[in-house]
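Note sheet for the following structure.
Because only heavy atoms are used, hydrogens play no part in the values below, and waters and symmetry mates are left out as well, while side chains stay in. Below, chain A is the first sequence line, B the second, and so on; all start at residue 1. Since this is a predicted model, take the numbers as computed values, not measurements.
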Number of protein chains: 2
Amino acid sequence: MSEMSNSTMEARPGKRDRLIASARTLIHEQGVHRTTLADVAARADVPLGNVYYYFKTKDELVGAVLESYTREAAALLEKFEHHRSPKARLKALVGNWNSMRDAIAEHGCPMGTLCSELDKSDGEAADDAAAVLAIIIDWAEDQFRQLGRRDARDLALSLFAGVQGAALLANTFRDPTILARQGRQLERWIDSIGSPRREGR
Amino acid sequence: MSEMSNSTMEARPGKRDRLIASARTLIHEQGVHRTTLADVAARADVPLGNVYYYFKTKDELVGAVLESYTREAAALLEKFEHHRSPKARLKALVGNWNSMRDAIAEHGCPMGTLCSELDKSDGEAADDAAAVLAIIIDWAEDQFRQLGRRDARDLALSLFAGVQGAALLANTFRDPTILARQGRQLERWIDSIGSPRREGR
DNA sequence: GTCTATAAGATGATAGAC
DNA sequence: GTCTATCATCTTATAGAC
């Protein structure tokens, strides 16, 4: 690469980054399948044939998109550390999806729908998709553990399932308020979590 | 149609029904996109060209699959009416997904993944997909209302979001126990639901 | 009603000039 | 490094014999 991986001086981002950003948007809106490389190239203002200089295959481009989600998720979680209590951090996590509720109602959770679609593909991309969700769930588990819960893993999975399920329903019914109301429910649930308690029943 | 829509006497189901059943299975396993009409025809033991006698387009076949899910959901809910209490009925609903946990871990919830995929398509099939989920949510809302809850709609959406989210995670991580454990959590939650309570907080 | 052969269109990928 | 032109493949859908 003769070009830094990101913008220099005044210019817009390099072609590689433009392609990834373009693919991210289009894949969120249309899914992997309906998004053609011609679409991605046009939106990034890069000639079609040139895409293959940066990504050997379409799968590799999808992989780069997944990597960008992983990086973004990690950055987001780090940002949440600024909150003082584990409960506040968990509520910030829920609030993040709530703040995207309109986009989610239109096209679903970018990561959730991608995981769902890639699991039906044949490539090994599904593993990378799982890794994105795992980062978030592991982090949530850690927060619940800080609250003294032995069943932290289950609680983390429940919380994230609640978010992802609400995203699916909000998208299916094209109704962002589903996400907002579920967000309130989850926040109340987080608030209600008490001191250590035996798991199992 | 010179043939009844289903089996007569000894023979296996008619071609139309075989095509729908074949499409159902393949779409669950591979998604709509990867499932070609050639696949569907081969599995149903029907020549490719003949598919178009029964379904004018692929979309129409997908529509028939959606319709079969709608019918199945309605039959399932009716079966649940045999349980005496609303709580038992709701737990039966959760138990239904739990009983399919291995298949769900492999390929996701048949209806949930289909809704997700169709929402990224352009056709109007997405509306039919939403109708399938709506039947179940409306039913659950009714159960919560029978429990005297004013916020029955929110509770129904929360419950179903919990199920669908867990299905997504079970599929993404290929781990059926996620669904089993979330099922237990949801059952406990149902049990804990008390008498009427002001919604909102 | 049933089936074979094939048309028509879309898209991932490559060759090779610049 | 960049881009145009094009190939190769796959898949929906149709034409038309039986």
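The side-chain heavy atoms of Asn50(B) and Pro47(B), taken from C-beta on, include a pair separated by under 4.5 Å. The shortest side-chain heavy-atom distance between Glu60(B) and Thr57(B) falls under the 4.5 Å cut-off.
Between Asp39(B) atom CG and dC10(D) atom C1' there is a gap of 12 Å when expressed in whole angstrom units. The distance from atom CG of Leu61(A) to atom C1' of dA13(C) is 14 Å, rounded to the nearest whole Å. Rounded to whole Å, atom P of dA7(C) lies 19 Å from atom CG of Leu37(B). Counting to the nearest Å, the P atom of dG1(C) and the CZ atom of Phe55(B) are 14 Å from each other. Regarding Glu60(B), its CD atom lies at a distance of 14 Å from the C1' atom of dT12(D), rounded to whole Å. In this entry the distance linking CG of Asp45(B) with P of dC3(C) reads 9 Å, nearest Å. Rounded to an integer number of Å, the gap from His33(B) NE2 to dC10(D) C1' is 10 Å.
For Tyr53(B) and dT2(C), the shortest distance from a side-chain N or O to OP1 or OP2 is not below 4.0 Å. Distances shorter than 4.0 Å separate none of the side-chain N or O atoms of Tyr54(B) from OP1 or OP2 on dG1(C).
For Lys15(B), taking side-chain heavy atoms from C-beta onward, the closest of the listed nucleotides dT2(D), dT12(D), dC3(C) is dC3(C).
Aromatic ring orientation, Phe160(B) versus Trp97(B): perpendicular (interplanar angle above 60°, classes split at 30° and 60°).
Checking Trp139(A) against Glu81(A) by side-chain atom types alone, a donor-acceptor pair falls below 3.5 Å.
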